[in-house]
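Source: prediction; values computed, not measured. The sequence lines fix the lettering, A, B, ..., with proteins before strands; numbering per chain opens at 1.
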Amino acid sequence: MSTTVTMPQLGESVTEGTVTRWFKGVGDHVEMDEDLYEISTDKVDTEVPSPYTGYVEAILVAEGETVPIGTPLCQISETPPSTVVRGLPRDDDSESTLPPMTPPIPAPQAAPVPGAAAPEPPPIPPLPPLPPAPPTPGALPPAAETSVMRAIPLEDVEAAPRADESAFADAVGEAVSEVESIERPRATIRMQYGDAQREHSLHAQPSQMSQPPPPLEEQPLHAHPVEGVDVESIGAEQTTKPRAHVTAEGEKRLAEPVPPEELKHDGSRRGILSPVVRKLAAEHNVNLDKITGTGTGGRVTRDDVLAAAGEPTAPAPPGGPALEPEAGVADRESAASREEPLSVMRMRIAEHMRESRQSAAHVFMSIEVNCDQIHQTRMSYLEAVREEDEISLTYLPFFALAICNALLEWPVVNSRIDLDARSATYFDHVNLGVAVDLEGEGLVVPVIDEADQLTLRELARRIADLADRARSKRLNPDEVQGGTFTITNPGPFGTHLSVPIINYPEVAILSLEGVAERPIVRDGALAVGRTTVLGLSWDHRAFDGSIAARFLAGLKDRIETWDWQTLAG
Amino acid sequence: MSSDSPQVAPPPSPAEQESQLNRESAPIVPTATSGVEKSFLEAIYDAMAEEMEADDRVFVFGEDVGHYGGAFKVTKGLLERFGPKRVIDTPISESAIVGAATGAAIMGMRPIAEMQYVDFITCAFDQLVTETAKMRFRTGHGVPMVLRAASGAGVRAGPFHSGQPEAFFAHSPGLKIVIPGDPYDAKGLLKAAIRDDDPVLFFESKYLYRRLTALIPEGDYIVPLGEASVKREGSDVVCITYGAQVSTALSAAAALESEGISLEVLDLRSVVPLDQEKILESVAKCSRVVICHEANPVCSISSEVAAIIAEKGFDLLDAPLRRVTSPQAPVPFAAVLEDAYVPSADDIVAAVREIAAW
């Protein structure tokens, strides 16, 4: 394995240096921190110690040569190269035999020279494969098989003992000049702005050299060597590094776009109105309540207001400067009407309905169901239930039982969807919400937890209890939350079809219409049967029509074919 | 020099006046699409050489600026060209350099004094803040000097040679401060600074000296002081920045484009006086702001820009503003720490993402 020693930068303004002297030659052993070469720059002349311990494998820049910062100067190898030089007696050869031959070290063609033309760096002559057998000490391999320093004529090396540096230097110089004779135009260094450049150290480590600097353009050097910036690629290959100026708390804030303390208790940031939103809303007479916020957490952003302002009908802001009504109209209206403040429940319901309608993609599907089976069972158990449980057995528990079972088969109808998080949450239980009307004052949805575990009788009792306590306002707060599916039952009023609003953030709601005797067709002939219509409003963002259809068909199947007599027992 | 009270410089002769006017009304070229490619350093050299050529009152002095050509070689060649009376090597005394520049300026010269590293300017703090800055307020006579200084981090020079101290002097009334972000602006701003009748601090990023090149048009041009410039149009978030971080912001903008966030980059160019109009214009356009510089954050230029936006642009904001700066610490010497210290494109991208999603 060989590593490259490059021209260091010995001062901020220094862009190039001249190698004035090599203290080691090819094949020489050098210790780390031992003087390797001497360089001269316009700031300083100095000896440079070797960054590595090893053997000088190749010298790439000759004495007297001036090269830019970063130019490879020499290669240092861990293993001694097998060259003719090895044949000469060496001071540090205490062993009688040479170390075993390692496989040939390929020339560093992959390491680009920062003075080279793009895209191909000039090739350094490759090493021919070394002979397999280690040469015996003193014996020189035949000339044809010499390796890296093949440019050194054998005679010169033989003739020049180690002690004679000048002849050795000449021999080295010849070899280097052969390398130098390859066209290597002087170029400007286009340094990468950013981490890639900043990590460039005086003594490049092998790992750094494995990532070659970007290709360079050919330009002649001039008095002020120029380094350019490739602006487009700045930061492109920067690795993530710790942001030193961001505190731990700051890191958390950066990770979550919305600081937790700014979230409203229900997770909505609708109420956060930035200064520009308030200003634009006032200027353009935009009713902020009617805008869907596209900012994080539902926040109304400036662009939302501008988009809303572009709409043809922008209603006047509530409480804002209203248009002066015509006198006659106002008088007639005020005479025929009265104002009443809205209750908290009304406001809450209004907000909830609006939010649900504006968030979910409401779609409706209905199916007609024959209720003869459950009617019979209901009739047969009516008295028993009234006596034992003191409640009236309605159709509702029957439907609830079938619904819970069907939801377990189609869990997506029982799920939650989070588009921001790109995930859906499925439950292994059904917390069934049952909408309860509060005598025209409003509605509340108490929730039966784990309704899928209950029998029909238990469901009947729970529903009756919850409805009773809902009407007398004795529900606990935890009984009106945590639902996964809701049913609404206008049926007792005899309605035919209704399209309910989903109890957001659930994904579907089922309406149960009136069970009544209607004409049906049985065996090709008109007959009378008890039928009802089940209506499913669902969020098309969560699932599609085929699931809805299958769910409703599955419900119908259960209602029409289950053994209700046994189930009700 | 005579021991009498200082004499006010004689008013310029009509010929001088005319030539001054002609030069001051030199066309302002907003962006150069043609010209010679020059580095940041070369542009600064050209500005000085051209102004020295045109006006005998302009001269350069500082440590090593003459024979050595400057620690960074910015002034190399000026001595040979203009001689030792106009390119002067001073002793190592920043306080003397600034004091002498102030004195020369009020006597009618137009000195370009140099701080070899801006960090040494603190040795001249008293001269600069007490004498230079207040001269016009006290006497009615301005100090038409330029104080150039190599500033900024990123070159492994450690805490005493990497400073960015404009905040100290922005606080002192009477000093103009100019920090260019590219070669075109560097040349134009330095020329404008030399021609300005008030003291101008010209902080040049040593990191940019040889790393940034641009096309410099032939002929005379200036970049007016106190004028910011939109270097990149955008619509979602504006990054208000100056100096070396302009390039960083531009690369962050390129990265953000692929995420669908359009980042406007506003280069302040002058940090005193700040171009309040352009700042508020960009804020009005984007409604979301990230302010970026490598100087420390406490009581910095970004603090001042934030105050202006809060005071005068309150109802322009759709999100809180964010600052991307170095930590409140001196510049580290260790390479890894210095890289983490200077705001990077990644830091700007993260802040812009956070604000864009707010």
Side-chain angles (χ1 to χ4, degrees), chain A residues 9 11-15 42-43 188-195 197-202 223-236 238-247 253-259 262 269 272 274-280 295-296 299 301-303 305, chain B residues 37-39 41-42 45 70-73 76-77 154-157 161 206-213 247-248 250-252 254-255 284 287 297 314-320 324-329 332 335-351 353-354 357-358:
Chain A
Q9 181 172 36
E12 287 101 5
S13 59
V14 173
T15 55
D42 56 5
K43 273 222 167 209
T188 60
I189 302 176
R190 297 195 84 84
M191 300 256 196
Q192 276 275 321
Y193 196 112
D195 284 355
Q197 163 56 26
R198 286 187 171 137
E199 279 163 16
H200 184 91
S201 66
L202 289 186
H224 295 279
V226 186
E227 293 154 43
V229 171
D230 186 6
V231 173
E232 292 311 303
S233 67
I234 291 171
Q238 279 184 357
T239 54
T240 30
K241 55 172 171 57
R243 288 180 291 263
H245 62 285
V246 178
T247 60
R253 279 170 173 259
L254 286 173
E256 333 152 346
V258 176
E262 281 164 65
R269 290 178 78 229
I272 296 183
S274 68
V276 73
V277 161
R278 275 191 271 248
K279 179 172 94 123
L280 290 171
T296 304
R299 184 181 78 87
T301 67
R302 177 197 73 167
D303 291 345
V305 176
Chain B
E37 182 146 339
K38 298 266 182 168
S39 70
L41 180 151
E42 287 172 325
Y45 172 92
F72 301 94
K73 307 298 180 191
K76 180 171 170 174
V155 297
R156 315 294 187 235
H161 297 78
K206 63 176 88 66
Y207 186 82
L208 292 182
Y209 273 154
R210 292 177 171 82
R211 285 183 179 80
L212 208 52
T213 62
S247 299
T248 315
L250 287 171
S251 71
S287 291
F314 177 72
D315 55 2
L316 301 175
L317 286 174
D318 200 22
V324 179
T325 68
S326 61
Q328 186 62 16
V336 166
L337 292 180
E338 189 182 19
D339 288 345
Y341 176 97
V342 179
S344 67
D346 277 348
D347 296 329
I348 298 179
V349 165
R353 269 192 205 134
E354 184 203 340
W358 197 82

Q.
When you compare the side chain of A/K279 with that of B/F314, does any pair of heavy atoms fall below 4.5 Å?
A. no

(Q) Testing the basics here: between B/L317 and A/P275, what is the closest heavy-atom pair and its distance to 0.1 Å? (A) O-CD, 3.4 Å

Q) If you look at every heavy atom in A/R302 and B/A284, which pair is closest and at what distance? A) NH1-O, 3.6 Å

Q. So which part of A/R299 gets closer than 4.5 Å to some heavy atom of chain B, the side chain, the backbone, both or neither?
A. side chain

Q: Specify which of A/T301, A/D303, A/V277 makes the most heavy-atom pairs with chain B at under 4.5 Å.
A: A/T301

Q: Write down the atom of A/I272, the atom of B/W358, and the distance for their closest heavy-atom approach.
A: CG2-CH2, 3.8 Å

Q | Toward chain A, the part of B/A329 with a non-hydrogen atom under 4.5 Å | A | neither

